[in-house]
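These notes concern the structure reproduced below.
Computed from a predicted structure; not experimentally measured.
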There are 2 protein chains.
Amino acid sequence: MVTAVEIEKKTISVIIIEDFKLTRVGLRCALNSNPDIEVVAESDNAVDGLELIKRYNPNIVLMDLGLAGMNGIEATLKVKEINKDIKVIALTSHDREEEVIAALSSGAMAYCLKDIDPSKLADVIRDVVEGVCWLDPLVARKVLDAFPKQETIGILKDKSSEEGRVPLTEREYEVLKHLVDGKSNTEIAKELIVSVHTAKAHVCSILQKMCVNDRVQAAVKAVKEGLV
Amino acid sequence: MVTAVEIEKKTISVIIIEDFKLTRVGLRCALNSNPDIEVVAESDNAVDGLELIKRYNPNIVLMDLGLAGMNGIEATLKVKEINKDIKVIALTSHDREEEVIAALSSGAMAYCLKDIDPSKLADVIRDVVEGVCWLDPLVARKVLDAFPKQETIGILKDKSSEEGRVPLTEREYEVLKHLVDGKSNTEIAKELIVSVHTAKAHVCSILQKMCVNDRVQAAVKAVKEGLV
DNA sequence: CGTAATATTAGCCACCTTTCTGATATTTAA
DNA sequence: TTAAATATCAGAAAGGTGGCTAATATTACG
């Protein structure tokens, strides 16, 4: 691994998509005062913005989420279709949690509120170009809490918290898998090449061990706890 | 809103929990060379580390995830029990995606690989103290892609992409919720104060609209897609 | 070797589910 | 206002589900 220090500082090209003219101007001024950052184009709407992105192929897109017409989420998806390497930073003035999550899962790498310090924004841009994910303090924890919890359980259950729970046998896990696929006892029996009676017996003991009343609850619990 | 510039630069206190002595020393040296960061304690295991955290109440905990005994995920949970304001930065040498997600949903605010540039780590610490979420480039996109997608759909369906998918009616969503709870048609009917026939009719159309064959598949699909 | 756990099969019964056909009232949108 | 979508109710047929008891291999562990 070479760690030579001949880094040629490349300019980071930025396109701004933002409907408020004043904000746009403010962003451009703030960013262009950094020698390594250059705002190459701007648009007040997503459609034109996407055209600019195709033309300029920038490193970074600053995307306002509260656009009229095509919103920032859709636009972010489309940016990713144009070139997956273009990094999108989502910008808004508010902090609607669902919007943040939607933006991130659509391909945005960062989420900033508009009252971010200009020099901080420049830092964020430099980070994001490298692939860093950066979330504004006002939303960070809320967003992280939205993560599915079963992963955590998965990691923890290796070492501890094995007590109290009745484990399913191998065979029962097989049956559970089919059950979650929505297979009937008859179908499960065919898959496992056993009689329907056997399949039923397994399902019965699965229900008991999982402390549920029917196969729907078993399936839902299995999915939620990541048992399958 | 006052934006006076009398910011008194406070020192950021850091505790390091990391089993490799060399890495620990390296981290301490690298961080203590920053005037605004002070490593106040270190531990090579989670149990002692938690005691130190109780005693020193630091701003930041650098947590190695690959600890023997109690792992970093559990330890992170416990740090949050001690004081929710203490920010945990997860550190590892590899990039197991599940581990990252587990760490973040357990309360970590950032995820760094151990080969991070020391000055960059200092920057991350300063960001994280402010509540920023920071994810290493090597895992950022993978982690963001792990987000539940229904939020995105939710935002988008307001404006566009109404095609292709048959949406459930309000009433059908109510029924679906009970269905996922494992309720029988009879029970659903009682809950909604309608006849069993009606409940059945709703379930029928839910199954058709969701393109599944039985209620188990409907329930599993609903859970997986976050429709409930 | 023998005991315990697991896997297998069987029959029975009350109840539930899914699909079908068909009907009526209410609400919504064109 | 008319047409379409939605919610409601009904009966019946075919098959599936869950709980019960009971018996027989197979496997694993001390």
Mark yes or no for a side-chain to base donor-acceptor pair under 3.5 Å between A:Lys200 and D:dT17, with no hydrogen or angle criteria applied.
-> no

Verify the contact: side-chain N or O of A:Thr169 to OP1 or OP2 of C:dA7, cut-off strictly under 4.0 Å; return yes or no.
-> yes

Considering heavy-atom distances to DNA chain D, does B:Glu172 or A:Val216 have its closest nucleotide positioned more toward the 5' end?
-> B:Glu172

Considering just the side-chain nitrogens and oxygens of A:Arg171, establish if one lies under 4.0 Å of OP1 or OP2 belonging to C:dT8.
-> yes

Between A:Asp214 and B:Thr198, name the one whose nearest nucleotide on DNA chain D is closer to the 5' end.
-> B:Thr198

A:Glu187 CD to C:dT18 C1', straight-line distance once rounded to whole Å = 13 Å

Hey, are A:Lys190 and A:Glu187 close enough for a salt bridge, meaning a charged N less than 4.0 Å from a carboxylate O?
-> no

Apply side chain to side chain donor-acceptor pair (under 3.5 Å) to A:Asn83 and A:Asn57, showing your working.
-> CA-CA 8 Å; A:Asn83 181 348; A:Asn57 194 42; 2.9 Å; yes

Distance check: side-chain N/O of B:His202 vs OP1/OP2 of D:dT8, anything under 4.0 Å?
-> yes

With sugar-phosphate meaning primed atoms plus P, OP1 and OP2, does A:Val196 contact a base, only sugar-phosphate, or nothing at under 4.0 Å between heavy atoms?
-> nothing

Quick one: B:Arg215 CZ to C:dT19 P, roughly how many Å, whole number?
-> 11 Å

Taking NZ, NE, NH1 and NH2 as the nitrogens, is one of them in B:Arg24 or B:Glu42 under 4.0 Å from a carboxylate oxygen of the other?
-> yes

Which whole-number value in Å describes the distance from A:Glu170 CD to D:dT26 P?
-> 20 Å

A:Leu192 and A:Glu174: side chain to side chain contact (heavy atoms under 4.5 Å, CB included), yes or no, with the steps?
-> CA-CA 9 Å; A:Leu192 303 184; A:Glu174 281 185 80; 3.7 Å; yes

The nucleotide from D:dG18, C:dT18, C:dT9 with an atom nearest the side chain of A:Ala201 is C:dT9

Round to the nearest Å and state the distance from A:His197 atom NE2 to D:dG18 atom P.
-> 16 Å

Rounded to whole Å, CG of B:Leu207 lies from P of C:dC20 at a distance of 12 Å

A:Ile206 CD1 - D:dT17 P separation (whole Å) | 13 Å

Electrostatic pair B:Asp64:B:Lys114 at N-O distance under 4.0 angstrom | yes

State whether A:Asn185 places a side-chain N or O below 4.0 Å from either non-bridging phosphate oxygen (OP1 or OP2) of D:dT17.
-> yes

Between atom NE2 in A:His178 and atom P in D:dT17, what is the gap in whole Å?
-> 14 Å

Could you state the NZ-P distance from B:Lys209 to D:dA5, rounded to the nearest angstrom?
-> 10 Å

